[in-house]
Engineer: 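Mind having a look at this structure? Questions to follow.
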Amino acid sequence: MIDIALKIALACVALAMLLNLWSLLKGPTAPDRILALDTMVINAIAFIMLFGIFADTTVFFEAALLMAMVGFVSTVAYTKFLLRGDIVE
Amino acid sequence: MSMEFLIATAIGALTWAGIYLSLRGRTFPVVLGVTMLSYAINLFLFAIGRLKVGAPPIFSEDAATYTDPLPQALVLTAIVISFGMSALVVVLSLRTFLETGTDQVDGEPDPAIDPLDGDREEWIARRNAHRIDMLGETRP
Amino acid sequence: MSLSISDNLAASLIAAPIMLPSLAGTMALIFRRRRRMVAAGISIGSTALQVLIAVALLLRASQSDPTPYAMGDWPAPFGIVLVLDQLAAWMLLLTSVVGFAVATHAALTKLDRKGWNFHPIFQFQLLGINGAFLTGDLFNLFVFFEVLLIASYGLILHGQGARRLTSGVQYVVVNLTGSTLFLVGLGILYGVTGTLNMADMAARGAQLAQGDRGLFLAGGLVLIAVFALKAALLPLHLWLPRAYSSTAPAVAALFAIMTKVGAYSIIRTTPLIFGDVAEPILLPAALGTIILGFAGMLAARGLRDMAAFGLIGSTGTLLVAIALFDGDGLAAALYYLPHTTIAAAFLFLTVDLVVRWRGVEGDAIVPTPRFAGASLLAFLFLAGGVALAGLPPLSGFFGKLLILDAALASPQAAWIWGVILVTSLIAVVALARAGSTVFWKHDETPELPEDRDPPRLVQALPSLFLLALLVGLTVFAGPATRYTQGTAAQVLDTPLYLRSVLGTASPPSPTAQGDAP
Amino acid sequence: MTTLLDALVAFLIVLGGAFALIGSWGLARLPSLMTRLHGPTKATTLGVGGILLASMAWFPLHSQEWSSHELLITLFLFLSAPISANMIAKAYIHRRFRRCSAPEDVETELPAPPGEGTDWATFGSSKFDDTRTGRP
Amino acid sequence: MHRLLPHPGLTAMLLVMWMIVFNSLNLGVAILGLVFAVLVPLFSAPFWPERAKLRLGLPLVGYVFLVLYDIVVANFHVARLILFKRNKDLRPAWLSIPLELQSAEAITVLAGTISLTPGTVSVDISTDARHLLVHALHTDDPDGEIAQIKQRYERRLMEIFA
Amino acid sequence: MHLVLIAVLPFIGCLLLAAGGRLSRNAQTLVALAPVLAGLWFLGGTAPDILSGSVQAFRAEWVPALDLAFSLRLDGLAFLFTGLILGIGLLIVIYARFYLPGDEALGRFLSLLLLFQGAMVGISLSGNILLLLVFWELTSLSSFLLIGFRSGKAEGRQGARMALAVTGGGGLALIAGLLLLGHIAGTYELGALLARGETIQASPLYPAALILILLGCFTKSAQFPFHFWLPHAMAAPTPVSAYLHSATMVKAGVFLMARLWPVLAGTETWFYLVATTGLVTMLLAAVVGFFKQDLKGILAYSTVSHLGLMTMLLGFGTPGAAMAALFHLLNHALFKAALFMNAGIVDHEAGTRDIRKLGGLATLMPITATLGIVAAASMAGLPPLGGFLSKEMMLEEAAHTVWSGQDWLLPMLAVLAAAFSVAYSLRYIFHLYLGPRRESYPAKPHDPPLGLWAPSALLVVLTILVGLAPNTLTHALMVPAIDAVTGGRAPTFHPALWHGLTPALGMSLVAVAAGAFLLWRHAGLQRGWDVANLPDGKALFESLVERLVDAARVVSDAIHNGSLQRQLAVLFALAIALGAYGMVQGGYTPGTHETLPAHPVAIVAWLLLLSGIAAVLVAQQQRFLTLVFISVIGLVVSLAFVYLSAPDLALTQISVETVTILLMLLALNLLPKKPSRLSSMPLRLRDALIGLAGGGAVGFAAWAVMTREPNDPISTYHWENSVSGGGGHNVVNVTLVDFRGFDTFGEITVLGIAALTIFAMLQPAARGAAGQRLRAWIAELPRSPERHPMMFAVAARVLLPLATIVAIYIFLRGHNAPGGGFIAGLVASIAMLVQYMASGFEWTDARRRIDEHLLIGLGVTIAALTGLGSLVFGAPLFTSAFGHFHLPLLGDFELASAMAFDVGVGMTVIGAVMLALAELSHIAVRANKEDTGTKAAEAGPMDIDPARLRETNGETPA
Ligand code: NA
Ligand code: NA
């Protein structure tokens, strides 16, 4: 049962990431693209968790954790760049 | 399609783009190219340990199979080194641009748009005429 | 393996050329806020000690087979081993003496105060070079390549200025790309042989299935391309002239050794691992390098350019000898190698003094007003020119004789002789033109500027030290060539190297090793 | 019991996947950035949340080890998602409205804050003016 | 005590985090965790100069569960909007929410809550820090929405950040 | 041992003089005389032995690898030549003392002179032909310095350079020739080599060796067409000319031909090459000399001509001719040295060397005139002087030498040459000394002091005596020399003024008559000569060199045009080509390793990656966009690492990615955004093709490796020993900190240096041109006035401690699970960077407690000390130790020394990342310190701070 659920969920996430790619390429504004990227990172986290269940291992947990932390940092940096040009001032 | 095929083509594509970009005439694409190349090379080094799914190199007695840990260690070292190098290149190209007013690296004189020569108003006008939209947005 | 502490220390001396500059570098960094003299003192002291250590290692190496030193007590090929043999010891000694001269020169001319962190980076530079010479592991060689490269980036940019930065970008990017290629080659080799240890790779390479051999050679040749890039072998030399002529000449003096790292790597890996596949490629490239290098000398408009091209040319000469890949050629190369390195370093240091003392035109080959110290500089320049062109009475002459002699056995002997001799003439013409213009011809119109360095004779001491080394290499050419003959024999004795490093001539199996010590 | 729990886990997994997809679908189809912003910052949060819950439930069930790591990821997401959204929105209004001038956008005009002499932080700081706002 | 524990709440939170992250209730882990939970705030305190007045207690827990509940509910709501509402039928709105909360931390939590619960996103704060700009995906009653936010979240936060 | 002293003494004298710069002129002269006198003394000591026909030798090993020994050999030939060098050297030293004006550096001059003398003696005494080469090249060098002694004059510099280029170049040919010769003979030792003439002449390499050696000799001895350097070397002070061009340097070529005569001469090749060259040179130079107006120019061409004479004689290949050559060597040295000194005196006293401005000096400076006239007569070959004797011998030999079947040709040309020789000699006599006095001279001529004329007087006396009593004086000296060359095959040496009515006498008379006739018709001939304006060797040489330089510049500038693109393109193309070559050489069979089926999610990721790459390429110009797209690539790569069992890699990739993006954004802000100048279409096509080849090659290599069975990799050992030997379950981490900890040590060093370099680079960026550009910089995008948004600032406060805890956790578990010092360091740095972003550089930096330099230094030191620590335990460097401990309350835990190492890693990472990024992040601020810096400093951690706002508004916080 879980296997099937995982397959469905993985398919959803994969599809979601393709949609994100579409949004990313489409834009049209820079914030749109940043948003798409941010979403893609979150979907990637979902993927990692699903894969962890699938592979029966917690070994990838830190990867997800780090991605959560670090995806945020890039997003903030990109937006800060749009707002100010200078990300550290 | 096999995983190996996907990885090999990905490496090939990254290398291609990396080489192409690093052969452009200005520092920024060159830096991009170098970055692409280091992605390619990290994947490549990793791949030479052969691919395995779900067999991370964390030792346990009952592990039936494990992936080759050595290439991973090598990639880690390579990532760190290439990070240091990229940081240096980025800063160096910025620094060079600031010092010389040009970021051309193709050995040809640059039709420089340099704030240090000429009238400031004129410079601003020229710069605006030449500026391109780095965000890829169409301006209203 | 457990040893008494004193035995252990003695054995660990092999690692001293790496650990000492590392500690000296970090100490210089930590104490950098104190008076700068401290950093300089640490740096010079460290290089002086490195000379002594190198001498000790040379004596040790000349009395024994290649000696492995297992880092972390992990036996070869599973851990990283350093290998001390005659070749490594020879290179270490060379590095340490050049390093000593340059560190002293930098301190005496206050070059180290023209920017930040000169001495720490300088020490790390030596660390990288020494490491590259000592390691018996291909990936570790990559790491040391990176150490020496990144430090060289720091040094090459030291003091900065637009020209230095512009050429610095190119130097850095090209070498970075070289590093990428290094990893490609290395990756292929690991993928095919399953090992990183040079000796093990040699053993496994010899046993490869036929279908694997292409990949193995491809990896090897890519590595050789990288080494050729470091050695500035035609057509991969393009990065060198600008980089070396726009950096501080004293830094360029140290960098004379950098091209030799490439040459060393070719000597180390090619006969051992890849066999004769590179031979037909290397020789023509080396000949071209000589021609272009010395033609560049003739074309040079400044003394620094001239020295840089001279370095390319003389490295080309060296590579011709290496490309012979036989005992005589290698012995000749190994005698010529320290000569050309020291000569180039010496010339760069001299040019540095010219730039400092002359002031007005920097290093441009144009007449200038008479300036104090000119006759000493003229003498030094003459000696440098004599050395670089390979004229008697300095060691370069013997080096060239040895190379020509060794080349007689080659089917390309006529080419080699012709190129080496004709280019020597070009070098002579170029050096005579430059020297007579700079030192003999006087332009009485311009005033000497106030801001030039007043000549301090003590600043010439490091140059004179290098000159003395050249004289020493001349006078003791007999023992030196005996040593290089022994070294060449050792380098070419692959079974000996394998036995010494692996304890067996066949690759040890990783599974049969049992538990760790 | 196990089957029930399995079913729950399976449900959470599918739910998570579905919400991830819906969020991204929203991102792809909604008409303007401000509306698009609602998709991912919410649906994806629950999407990942569902999967994290599933993961927390699954490991004690199947591996005889319990797992609380997921809580930490949730914490980070909950901390970061609003900030990300906030910053993206700020960037957007900065570029789009630059003080209320976006005629072609589907958005309604941005209201000014009611206070006297105040503005939204993105458009005017209370403390000092930037001399180099970059308008050449 | 203040100097040793600049942010007791933070220390507690870090300790909990430590246990979570180590996935363990082991005493050794806890002791080590305590050490770091004390040390780390000491290092980070200069970057958080004010003492946040946070009441750790039932209202906080209640608030957390309230928000979680709202997130779940509203997620379905938004999912419906995304899936079934045509773009032209969407009625997005800008909401300008007057603020009574006075500390940066409290306002941030409110703004965060608003963003986390579906359908609304906090966009900006006014330069006098008295209004929060919020964007709603779809609302027919902007004032009602504002009132609900103030009543449901801000009021509770006023208690928590007393 | 005396041999060694003879060879070494001049060098010692040279060094003494170089060191004794402050001595008086007389003292310097004495110091210079001492080694010469001593040398003569020692040489004299060997005379009884050598002149009785024996050979003295000395040998010390030097470079056995080359068969190069410090081997000296004194036989009759060497004795003669050494004697000449030292004897005339002695006179020259005295002459120079009086000749050189007081303001010229006599000490330096004499020092160089002795250096040169030493080199010449070395050539003469070398018993090893490689050693001879050393001295040979040394003469070129030292003569370069001597000729250029008066470096202020363009003529001096050019003359010196030309001499060096020609003789040095010839020397290089000689190197080749002698190496070949030694190779053929199997020895470089002269003694042995001289006995192997047959072997040598039978060798197929003989012609090559011969030509190369002759090139050396001809250039040195100024044989046509290499003669042009010699007249221009006359720019040197006269003592130099007198020395170099009479007895020594130019004779070196003749000497070497004589030295190797036993093994090289006698073949037809030898005859035609050497005799013809000598003949042509003798004739041409005599003609040219006749038309020269400069006294030293006349003498110079005369020298060339006489050298041609000797060369020709040696070229004949007969013992008799060789004998004549050697005898002329002696005679020429005597009269030519005297003549050069004589011309020098005229120059010195009359103020010019232009023969057109002189004349009638006989009465004004009678001593000088007498000496000059006698010496010139000897040069003309007039009896009863030494010159006559050897010229007679030459004509005698020429008379019966057949050149290519023509028995009249050689004698006729020899007579013609002799006629011109007589002509210029007589011109020297008549146009300089005899004839009417002039109204005025550039200076008032008078005889010089004794010191200046005595040396030449001695030589003149000698040339007279040799003419009068040749046997008595020269027999003992010449015969051993002749024997040394001819091996005793020469006819009896019996020089005499009168041999009866020989053809030579007739030829000689014809020559004298013709010479006198030529002088009589000089004015007309000179006009013709001037009109003919024959090409000047020097001009040709100079223009050749200039053209060479120009060509070199064109080529070098074209190749080294400073284009990075070219460098990279060459590198890529070459590496690809070499790799392909290796593949072809070694052969390839497809692998048999089973492949993994691609999961659909993997295919999606693959599509994402390819799209990302394509997007980057398409959006090249839109720099911000490219960074966003690069992030996609980074994300997919991280996911690939997760999926393919590389958690450590994923963690590292994720965190490095972020730092890199931050870095690029920081730089992007200040980099120019003008459009790239697009490369031309062919260039882009080229690059795309190189890229395609490279991508294809690397992709193929990856495929080829992945699809073959692993070759028993050494990592099996790592897997098996990770826990038992390294004390950790995470094999990757154990590899990093233990098995290959040494790599990691190098790696953190790299990182540290990178940061230090970045720091050093950015420190001066606020000054100079860079600072000006920074201040003139205008933001690309419109900027929001808000610097530090409140919500972000608050989040950063929370994130910092949270992330720090995560970093600690990641660090602690690294040995057994994915993580470790590097990743932990990156996480901590990122948290800190977030703080910088949120609240600004100034505010954050003011609250930072530790210096990044120190962190780097300490980090590397800790790692190094951990490595060194194992020494104390008798284990090699970087040997790790670990143990399991049990403490009450805490329970079981493990400590490993590798963790200390990892601490060093982490510290270095934090230090390096922070140093680099923090420094980069505020260069603009530093450049603008005056207008924004202070404001930023007084700003708080957030722009809109509700609490502070209310406070300033007078509200009390609730
Ligand atoms: Na590492
Ligand atoms: Na909301």
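In the text below, chain A, chain B and the rest are named by the order of the sequence lines, each starting its count at 1.
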Engineer: Would you say that more than 12 heavy atoms from the other residues, nucleotides or ligands in this model lie under 6.0 Å from the CD1 of F:Ile603, or not?
Structural biologist: yes
Engineer: Using non-hydrogen atoms and a 4.5 Å limit, figure out which bit of F:Val618 sits close to chain A: side chain, backbone, both or neither.
Structural biologist: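 Nothing of F:Val618, per the 4.5 Å heavy-atom cut-off to chain A.
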Engineer: Could you look at F:Ile810 and say if it's the side chain, the backbone, both or neither that has a heavy atom under 4.5 Å from chain A?
Structural biologist: side chain
Engineer: Would you say F:Leu799 and A:Phe72 make side-chain contact, with heavy atoms under 4.5 Å?
Structural biologist: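 F:Leu799 vs A:Phe72: side chains touch.
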Engineer: Could you check whether F:Arg813 pairs with A:Glu62 (Lys NZ or Arg NE/NH1/NH2 to Asp/Glu carboxylate O, under 4.0 Å)?
Structural biologist: yes
Engineer: Given the options F:Ala817, F:Ala650, F:Ser631, which has more heavy-atom pairs under 4.5 Å with chain A than any of the others?
Structural biologist: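 Top count of heavy-atom pairs under 4.5 Å with chain A: F:Ser631.
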Engineer: For the residue pair F:Ser655 and A:Leu66, establish whether any side-chain heavy-atom pair is separated by less than 4.5 Å.
Structural biologist: yes
Engineer: With heavy-atom distances below 4.5 Å as the criterion, would you say the side chains of F:Leu627 and A:Tyr78 are in contact?
Structural biologist: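 Yes. Closest side-chain heavy atoms under 4.5 Å.
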Engineer: Measure distances from A:Met17 to the heavy atoms of chain F and classify the residue's part below 4.5 Å as side chain, backbone, both or neither.
Structural biologist: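 Both backbone and side chain of A:Met17 come within 4.5 Å of chain F.
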Engineer: Is the closest side-chain heavy-atom distance between F:Met837 and A:Val73 below 4.5 Å?
Structural biologist: yes
Engineer: Examine whether an atom of F:Thr844 lies under 4.5 Å from a heavy atom of chain A, and if so say whether it belongs to the side chain, the backbone or both; otherwise answer neither.
Structural biologist: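 Neither part.
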Engineer: Which atoms form the tightest heavy-atom contact between F:Ala615 and A:Leu25, and what is the distance?
Structural biologist: CB-CD2, 3.8 Å
Engineer: Side chain, backbone, both or neither: which part of F:Ile661 has a non-hydrogen atom closer than 4.5 Å to chain A?
Structural biologist: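 Just the side chain, heavy atoms under 4.5 Å.
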Engineer: Kindly indicate, with the supporting measurements, whether the criterion side chain to side chain contact (heavy atoms under 4.5 Å, CB included) is fulfilled by A:Met40 and F:Leu635.
Structural biologist: CA-CA 9 Å; A:Met40 197 186 274; F:Leu635 183 70; 3.7 Å; yes
Engineer: Sort out for me which of A:Phe54, A:Phe61, A:Phe51 touches chain F most, counting heavy-atom pairs under 4.5 Å.
Structural biologist: A:Phe51
Engineer: When only pairs under 4.5 Å are counted, which of F:Tyr836, F:Tyr809, F:Phe624, F:Phe641 shares the most heavy-atom pairs with chain A?
Structural biologist: F:Phe624
Engineer: Side chain from CB out, backbone as N, CA, C, O: work out which of these in F:Phe792 comes under 4.5 Å of a heavy atom of chain A, or both, or neither.
Structural biologist: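 Looking at F:Phe792, just its side chain touches chain A.
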Engineer: List for me each residue that meets side chain to side chain contact (heavy atoms under 4.5 Å, CB included) alongside F:Gln622, sequence neighbours excluded, and say none if there are none.
Structural biologist: F:Ala619, F:Leu625
Engineer: Mind checking whether A:Leu18 and F:Leu608 have side chains closer than 4.5 Å, heavy atoms only?
Structural biologist: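 SC-SC contact between A:Leu18 and F:Leu608 confirmed.
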Engineer: Tell me, for A:Phe81 versus chain F, whether the close heavy atoms (under 4.5 Å) come from the side chain, the backbone, both or neither.
Structural biologist: both
Engineer: Using non-hydrogen atoms only, which part of A:Leu37 is less than 4.5 Å away from chain F: side chain, backbone, both, or neither?
Structural biologist: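 Contact with chain F involves the side chain of A:Leu37 alone.
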Engineer: Do you know which of F:Leu802, F:Val604, F:Asp648, F:Val642 has the most heavy-atom pairs with chain A at a distance under 4.5 angstrom?
Structural biologist: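 The candidate making the most pairs under 4.5 Å is F:Val642.
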Engineer: Could you check which of F:Leu607, F:Leu917, F:Leu668, F:Leu670 has the highest count of heavy-atom pairs closer than 4.5 Å to chain A?
Structural biologist: F:Leu668
Engineer: Looking at every heavy atom in both F:Ser921 and A:Asp86, which two are closest together, and how far apart are they?
Structural biologist: O-OD1, 4.3 Å
Engineer: Any donor-acceptor pair under 3.5 Å linking the side chain of A:Lys80 with the backbone of F:Arg787?
Structural biologist: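 Yes, A:Lys80 side chain to F:Arg787 backbone: donor-acceptor pair under 3.5 Å.
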Engineer: Inspect the contact between F:Arg783 and A:Glu89 and indicate whether a charged nitrogen and a carboxylate oxygen are less than 4.0 angstrom apart.
Structural biologist: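 Salt bridge: yes.
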Engineer: Should the ring pair F:Tyr643 and A:Phe47 be called parallel, tilted or perpendicular, given that the plane angle runs from 0 to 90° and is split at 30 and 60?
Structural biologist: tilted
Engineer: Which heavy-atom pair separates F:Val806 from A:Leu65 by the least distance, and what is that distance?
Structural biologist: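 Reported closest heavy-atom pair: CG1-CD2, 3.8 Å.
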Engineer: I need the A:Ile87 CD1 to F:Asn669 CG distance, nearest 0.5 Å.
Structural biologist: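 Those atoms lie 9.0 Å apart.
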Engineer: State the CZ-OG distance between A:Phe60 and F:Ser645, to the nearest 0.5 angstrom.
Structural biologist: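 The CZ atom of A:Phe60 sits 6.0 Å away from the OG atom of F:Ser645.
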Engineer: Give the member of A:Ile48, A:Leu15, A:Ile34, A:Thr57 that has the highest number of heavy-atom pairs under 4.5 Å with chain F.
Structural biologist: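 Looking at each option in turn, the highest pair count goes to A:Ile48.
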Engineer: With only heavy atoms counted, which part of F:Ile830 is less than 4.5 Å from chain A, the side chain, the backbone, both or neither?
Structural biologist: side chain
Engineer: How many angstroms lie between atom CZ of A:Arg84 and atom OG of F:Ser784, to the nearest 0.5 angstrom?
Structural biologist: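 Reported to 0.5 Å precision, the distance equals 6.5 Å.
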Engineer: Go through the atoms of A:Leu21 and report whether side chain, backbone, both or neither lie under 4.5 Å from a heavy atom of chain F.
Structural biologist: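 Only the side chain of A:Leu21 comes within 4.5 Å of chain F.
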Engineer: State, to 0.1 Å, how close F:Val632 and A:Leu24 come at their nearest heavy-atom pair, and which atoms those are.
Structural biologist: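 Result for this residue pair: CG2-CD2, 3.2 Å.
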Engineer: Given that the side chain runs from C-beta out, which part of F:Ile823 has a heavy atom under 4.5 Å from chain A: side chain, backbone, both or neither?
Structural biologist: side chain
Engineer: Taking all non-hydrogen atoms of both residues into account, name the closest pair between A:Ala14 and F:Val601 and its distance.
Structural biologist: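 So the minimum-distance heavy-atom pair works out to CB-CG2, 4.3 Å.
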Engineer: Could you check which of F:Leu639, F:Leu920, F:Val834, F:Leu833 has the highest count of heavy-atom pairs closer than 4.5 Å to chain A?
Structural biologist: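 Counting heavy-atom pairs under 4.5 Å, the top option is F:Leu639.
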Engineer: Any side-chain heavy atom of A:Met69 sitting closer than 4.5 Å to one from F:Val827?
Structural biologist: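 SC-SC contact between A:Met69 and F:Val827 confirmed.
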